[in-house]
There are 2 protein chains.
Amino acid sequence: MGFSEADVISVLQKVFATNDPRVKVGIGDDAAVIRGTDQQVITTDMAVQGVHFNLEWSSAFDIGRKITAANVADVLAMGARCEYLVAAVSLTGNEELTWIENLARGMKSEADKAGAVIVGGDIARSSIITIAMTALGSTSNPILRNTAQVEDSIYVSSLPGWSAAGLELLTREISVNSAVADKALSEFSAPSLDYTVDFHSAHSISDISDSLLIQAQQMADASGVSFEFNASLIETTAEFKEMNELAAQINSDVWQWILGGGEDHVLLATGVNLPGIKIGKVIAGKGISGVDMKKAPVSWSHFK
Amino acid sequence: MGFSEADVISVLQKVFATNDPRVKVGIGDDAAVIRGTDQQVITTDMAVQGVHFNLEWSSAFDIGRKITAANVADVLAMGARCEYLVAAVSLTGNEELTWIENLARGMKSEADKAGAVIVGGDIARSSIITIAMTALGSTSNPILRNTAQVEDSIYVSSLPGWSAAGLELLTREISVNSAVADKALSEFSAPSLDYTVDFHSAHSISDISDSLLIQAQQMADASGVSFEFNASLIETTAEFKEMNELAAQINSDVWQWILGGGEDHVLLATGVNLPGIKIGKVIAGKGISGVDMKKAPVSWSHFK
């Protein structure tokens with residue numbers, strides 16, 4: 001079942017083949033040549049086997065989608081369109097060629113949804129699979145996280161917490177036969193980005209991959225304002241009701257998922273009359289109010 | 001000796017701090033905002049602990065320089081200027097904070113030489129250190145590898161083989177007390193890119209990180225021409241004489257280093273009256289002539 005690096009590259013070239021007019025030179029030379037703009041947005045995000053994904057819990061396709069969505073989300077969180085992606089992947093040599101192909105197809109699938117094209121990559125050998133992607137986008141008006149204004153409403157593009165719910169089902173090895181549980185598992189495996197929620201007129205945006213509370217705290221601090229959450233606004237959403245029902249079934253804490261869960265690809269924005277789910281208001285002052293701050297995960301800040 | 005992720009980010013923000021006017025939003029938001037151009041060049045390259053670098057053999061500073069140079073070289077190999085870099089790094093948690101700082105300083109040092117600025121990154125946790133960088137450059141005239149023309153002369157920006165020579169000294173555990181041996185060890189640890197050799201008027205360029213013979217073969221095939229090497233042109237260079245002397249001392253094969261060694265950051269170009277070292281001529285036909293093709297490494301093509 002051996003295959004050469006050339007076999008892998010040949011498969012990837014086929015999956016990523018494009019006629020996109022923005023791409024002047026695609027995969028195959030030392031670098032790709034693409035059409036840029038005056039205001040470009042660039043971000044990179046790495047996923048490690050056993051830390052950010054798990055071969056037992058996620059398909060190659062979902063792993064590809066997840067890391068791609070993580071990169072795209074950071075571009076959207078600047079109020080920009082994602083245009084180009086490159087991927088560097090380390091493989092162990094124990095993968096089947098179809099696994100690698102499905103990883104690439106997952107990346108391509110999410111990139112297509114975002115309107116982005118994958119223009120290059122690198123393959124390395126390693127004892128574990130590591131995937132690093134870089135996303136390049138463009139915008140005429142970058143929207144930062146330190147520009148939330150008093151009187152702004154606070155919005156999320158969709159309700160966070162699904163990924164944490166899925167992780168809990170997996171780690172506690174609970175099998176729940178419901179569409180809601182399936183959604184949680186699927187969102188854990190590859191959190192979906194809601195591309196229909198357009199925050200281009202927001203005053204400030206941030207991705208909330210670290211958890212809603214942590215990122216809200218960071219935005220409030222950076223902007224010199226206070227975020228006042230309104231739990232009842234969250235409780236009236238259809239997503240909350242679904243998640244709450246699942247939490248009750250397995251005797252878990254829905255607010256811990258929503259406020260403290262990470263790894264969702266949800267955008268947090270402030271502004272006036274934005275789409276998405278309204279969850280509170282920006283007020284003068286410092287910090288967060290209206291929700292239980294004890295739900296914030298603490299482990300995130302300790303690297304060792 | 002514990003430190004938090006915030007400590008690491010704080011150190012990196014200090015090392016990578018910049019007032020460069022091309023950078024509109026630097027490290028600290030979801031993504032960086034930079035000034036782009038109409039023709040952008042993008043490439044990514046990954047280095048894995050134990051495969052591309054080794055903590056016993058290379059300092060953090062050299063590892064940072066090496067991966068940065070690898071990315072910059074791919075941009076230069078398109079006839080472009082390297083402008084921006086992002087780095088995604090997985091760490092084990094066993095590193096000292098100063099090791100991480102020196103890794104960043106090595107990246108910054110090579111980026112400075114290239115005139116590029118490091119604008120973003122990601123840190124992940126893993127059982128091994130993996131570094132993925134993406135380089136972004138710009139050019140008004142991309143130079144590809146499939147455009148070598150019959151009658152072109154063939155050039156290298158400097159003589160490849162030093163990295164292979166250094167690797168052989170290390171693996172055979174030979175200690176040679178000479179400036180030439182020191183150069184080989186240093187080039188293995190962090191191959192230098194010669195930024196003074198300007199190939200912007202070349203007809204074709206390629207980076208030769210996989211070995212001179214392999215990359216020359218690829219360029220000749222892609223261009224539909226033949227590369228005729230002239231060994232005596234190589235033998236008259238000062239670098240050849242140094243390398244040849246070292247090879248004789250340790251009973252090794254200098255041509256294996258030059259033709260078959262990889263991991264040098266040397267550019268191979270064809271054109272008329274270019275700078276660098278002239279090593280042959282492009283002729284009609286197919287393949288490579290003038291050197292011993294048996295020196296080409298074979299292991300490169302087998303992923304498993």
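Remember, predicted model here, so these are calculated numbers, not experimental data.
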pair [X]-[Y]: side-chain heavy atoms closer than 4.5 Å:
X	Y	result
B:T130	A:M46	yes
A:V48	B:R125	no
A:D30	B:T43	no

Between [atom1] of [X] and [atom2] of [Y], what distance do you get to the nearest 0.5 Å?
X	Y	atom1	atom2	result
B:R22	A:Q40	CZ	CD	13.5 Å
B:S127	A:Q49	OG	CD	8.5 Å
B:N146	A:D29	CG	CG	6.5 Å
A:T134	B:Y84	OG1	OH	15.5 Å
A:I128	B:S90	CD1	OG	6.5 Å
A:T44	B:L85	OG1	CG	11.0 Å

Portion of [X] that has a non-hydrogen atom of chain B nearer than 4.5 angstrom:
X	answer
A:I205	backbone
A:V51	side chain
A:A87	backbone
A:V41	both

Taking every heavy-atom pair that is under 4.5 Å apart, which of [options] has the most such pairs with chain A?
options	result
B:D207, B:T37, B:I9	B:T37
B:I42, B:L144, B:V86, B:V119	B:I42
B:Q39, B:R145, B:M133	B:R145

Relative to chain B, which of A:G50, A:G28, A:A80, A:A32 shows the most heavy atom pairs under 4.5 Å?
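Of the candidates given, the most pairs with chain B belong to A:A32.
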Looking at A:G120, A:S206, A:A132, which makes the most heavy-atom pairs under 4.5 Å with chain B?
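Maximum pair count with chain B is reached by A:S206.
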Which atoms form the tightest heavy-atom contact between A:A31 and B:M78, and what is the distance?
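That closest heavy-atom pairing would be O-CE, 3.3 Å.
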Can you tell which part of B:S126 gets under 4.5 Å to a heavy atom of chain A, answering side chain, backbone, both or neither?
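For B:S126, the contact with chain A is made by backbone and side chain together.
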Just wondering, are more than 12 heavy atoms of other shown residues or ligands nearer than 6.0 Å to NZ in A:K66?
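Yes, because the 6.0 Å sphere around NZ of A:K66 holds more than 12 heavy atoms from other groups.
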